[in-house]
Amino acid sequence: MDCLYIVVPCYNEQEVIRETTKRLTEKLCDLINNNIISNASKIMYVDDGSKDNTYSIIKELNQENQYVSGVKLAHNRGHQNALVAGLETAKNYADIIISMDCDLQDDINAIDEMIEKYKSGCDIVYGVRNSRKKDTAFKRNTAQAFYKMMNFMGAEVVYNHADYRLMSKRAVEGLCEYKEVNLFLRGIVPMIGYKTDIVYYERGERFAGESKYPLKKMINFALDGITSLSIKPIRLILLLGTMIFAVSIIMLIYFLVIYFMGKTVQGWTSIAISVWAIGGLQLLAIGVIGEYLGKIYLETKQRPRYIIEEILI
Ligand code: UDP
Ligand code: MG
């Protein structure tokens, strides 16, 4: 029978982790009793270098609950890397791997449907939010803008899908073949291929504690996503440069004509404005190119995505 591992990255989640464990254990027992998954199935918490008691709680839970396992990262590496660490570790034990957040925002009842789809032949099943009623207006709008901008900039992601998804063992093995250090899961997973499907679910509120994704992290996340999946921003700069060059040729002709007609005027304003505009544009262009250069720099170093300090099975 298939063994299921539920991978849950946690960063400072001491307020929620016990409740999450209670609910996920119930779910696992349900599935095991119905002979859907094997008794070796587990929850796998990945402690992403938390500064609070998260890891000691995971340790306790691992002692008292046979369905709890844990991975401790040596340092805080961020949600995506913690997730990759969990997936790569879990694939050594499991046939089916589901990733979800620790805060119970993802409806765990969608797991049944995900497994059904897996049994009917899907290797990847995306959990997609059917509404965002319970998010704050700010979170909803920024998230919506995020998906729109990602798609506009050429990074194709599944709409309203966060990192709540089921992957088969071979899909995770496929993922491990992507050696780039900066792994943007939502963009890479659709590239793996295999048969995929979608399960809709209602996204709830965070059970307790605060969001670990403040605006600054979200913006960084979006920029990372765009620059690691697409070179469209550089294309846009090229386009802009070409357009400005075309305009400047027209202007050149215009200036020459005026010059030969002897009507040269003291156009201080227009010159000042164009100096600022071109200057700003150049800085922007250099910034975008620098962003990619930085990526290349980081990739060539081939640093490890994470370092595992301890595994509790
Ligand atoms: N998380 C993590 N490392 C980090 C930040 C967040 O592992 O550096 C985890 C966090 O514990 C949670 C998940 O990523 O399980 C999503 O974070 P959160 O719920 O705070 O984000 P939001 O739902 O507000 O976007
Ligand atoms: Mg959350």
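When a ligand or atom number is given, it counts from 1 through the structure's own listing order. All heavy atoms count here, side chains included; hydrogens, waters and symmetry mates do not.
- Arg203 has a carboxylate O that lies under 4.0 Å from a charged side-chain N of Asp106, or vice versa, which qualifies the two as a salt bridge.
- The 12-atom threshold is exceeded at OH of Tyr159, counting heavy atoms of other residues, nucleotides or ligands nearer than 6.0 Å.
- Ring geometry for Tyr164 against Tyr201 counts as perpendicular: the plane angle is over 60°, on a 0 to 90° scale with 30° as the lower cut.
- Side-chain contact between Val8 and Leu24: present, with at least one pair of heavy atoms (C-beta onward) separated by less than 4.5 Å.
- Looking at Glu60 and Asn65, their side chains never bring a donor and an acceptor atom within 3.5 Å of each other.
- Within 4.0 Å of ligand 1, the residues that place a heavy atom are Pro9, Cys10, Tyr11, Glu13, Asp48, Asn76, Gly78, His79, Asp101, Cys102, Asp103, Gln105, Lys139, Arg203, Arg206, Ser211, Lys212, Tyr213, Lys217, listed by chain and number.
- Proximity of a side-chain donor or acceptor of Arg165 to a complementary backbone N or O of Val128 within less than 3.5 Å is not detected.
- Cation-pi geometry between Arg170 and Tyr194 is met: under 6.0 angstrom from the ring centre, within 45 degrees of the axis.
- Aromatic rings from Tyr45 and Tyr55 are positioned such that their centres are separated by 6.0 Å or more.
- Around the Mg ion (ligand 2), the protein N, O or S atoms found under 2.8 Å comprise Asp103 OD2, Gln105 OE1.
- Between Leu166 and the choices Ile115, Val199, Ile124, the side chain to side chain contact (heavy atoms under 4.5 Å, CB included) rule is met once, by Ile115.
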